[in-house]
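Atom set for the values below is all heavy atoms of this structure, side chains included, hydrogens, waters and symmetry mates excluded. The first residue of the sequence shown is numbered 1, and numbering continues consecutively from there.
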Amino acid sequence: MSLKIKLLFFVFSIFFIQSCATSYQGTEQTVTFKSHPNGAFVKTSHGYSCSITPCKIKLPRNKSFEAKISKPGFTTEIINVKSAPNGSGAVGVVSSALIGGVIASGYDIYKGSIFELTPTEINVKMQSTNALVLEEIRSISNMGLFNN
C-alpha cells in the first residue's frame, strides 16, 4: 500500500471516529449537585439519586427532569434540568449522516447523544425550617392578635 493511500485511510478513519455523536460525546452526561448546607439527598424524577451532597450523577442526555434536593430540618428545593440539542451533537449527526447514512444519524438521535443537559451544576441554598417557623410566629405576634 502506498504512503498516500495509508495517509488517506488514516485521515478518513480519524474523521469517521470523530464524526459519530455517540462516540464523540456519549449518551450520558455528569451533573454536579451541591447544597448549602452539605449532606442533602438528591432524587431525580427519572429515578437516579445520590445520598449526600456534594455529589455527581451520570444521567441520560436525552431526558429533561426535575431534581428534588432535601434534608431533614431544611426546605426541599426542586430544580428543573432541561435536555436540548447542542452544537457538537448536531455536527456529529450531520457527519454520521454523511458517512453512515440515515441509520447512523438516527442512532445518534435515538441514543440522545445530540442533546445536552443544562444546567450541568446545581447549587441550592436550603433554608432551615425552624427559622421559617420562628419567623412566622414573629409575624403573627406583631399583628397584635393576642394583645388584650
query: Near Ile78 CD1, under 6.0 Å, is it more than 12 heavy atoms from other residues, nucleotides or ligands?
result: yes
field: Non-hydrogen atoms of Ser49 and Ile57 that approach each other most closely
entry: C-CD1, 3.8 Å
field: Glu28 CD to Lys63 NZ distance, which is reported to the nearest 0.5 Å
entry: 10.0 Å
- prompt: Taking all non-hydrogen atoms of both residues, which atom of Asn38 and which atom of Lys71 are closest, and how far apart?
  reply: O-NZ, 2.7 Å
message: Under a 3.5 Å distance rule, please check whether Ser64 uses its side chain to pair with a backbone N or O of Ser83 as donor and acceptor.
response: yes
- line: All heavy atoms of Phe41 vs all of Ser51, minimum pair found to be CD1-CA, 3.7 Å
Worked verdict on Leu59 versus Val81 for side chain to side chain contact (heavy atoms under 4.5 Å, CB included): CA-CA 11 Å; Leu59 300 159; Val81 178; over 6 Å; no
task: Determine whether Thr53 and Lys34 make a side-chain contact, defined as any pair of heavy atoms from C-beta on separated by less than 4.5 Å.
output: no
- prompt: According to a 4.5 Å side-chain heavy-atom criterion applied to Ile, Leu, Val, Met, Phe, Trp and Tyr, with indirect links allowed, do Tyr48 and Ile122 form part of one hydrophobic cluster?
  reply: yes
- prompt: Which heavy atom of Ala40 sits nearest a heavy atom of Met126, and at what distance?
  reply: CB-SD, 3.9 Å
query: In the single-linkage hydrophobic clustering (I, L, V, M, F, W, Y; side-chain heavy atoms under 4.5 Å), do Phe33 and Ile79 co-cluster?
result: yes
task: State, to 0.1 Å, how close Glu116 and Arg61 come at their nearest heavy-atom pair, and which atoms those are.
output: CA-NH1, 3.9 Å
message: Under the side-chain contact (heavy atoms from CB on, under 4.5 Å) test against Val31, which residue among Thr44, Leu117, Val42 passes?
response: Leu117
field: Least distance between heavy atoms, Ser35 atom then Gly39 atom
entry: OG-N, 4.2 Å
From NZ (Lys125) to CD (Gln127), nearest 0.5 Å: 8.0 Å
message: Surrounding NE2 of His46 (heavy atoms of other residues, nucleotides or ligands, distance under 6.0 Å), is the total greater than 12?
response: yes
task: With rounding to the nearest 0.5 Å, note down the distance linking NZ in Lys43 to CD in Glu66.
output: 13.5 Å
Sequence neighbours excluded - ring pair (Phe, Tyr, Trp, His ring centres under 6.0 Å) pairs with any residue from residues 66-85: none
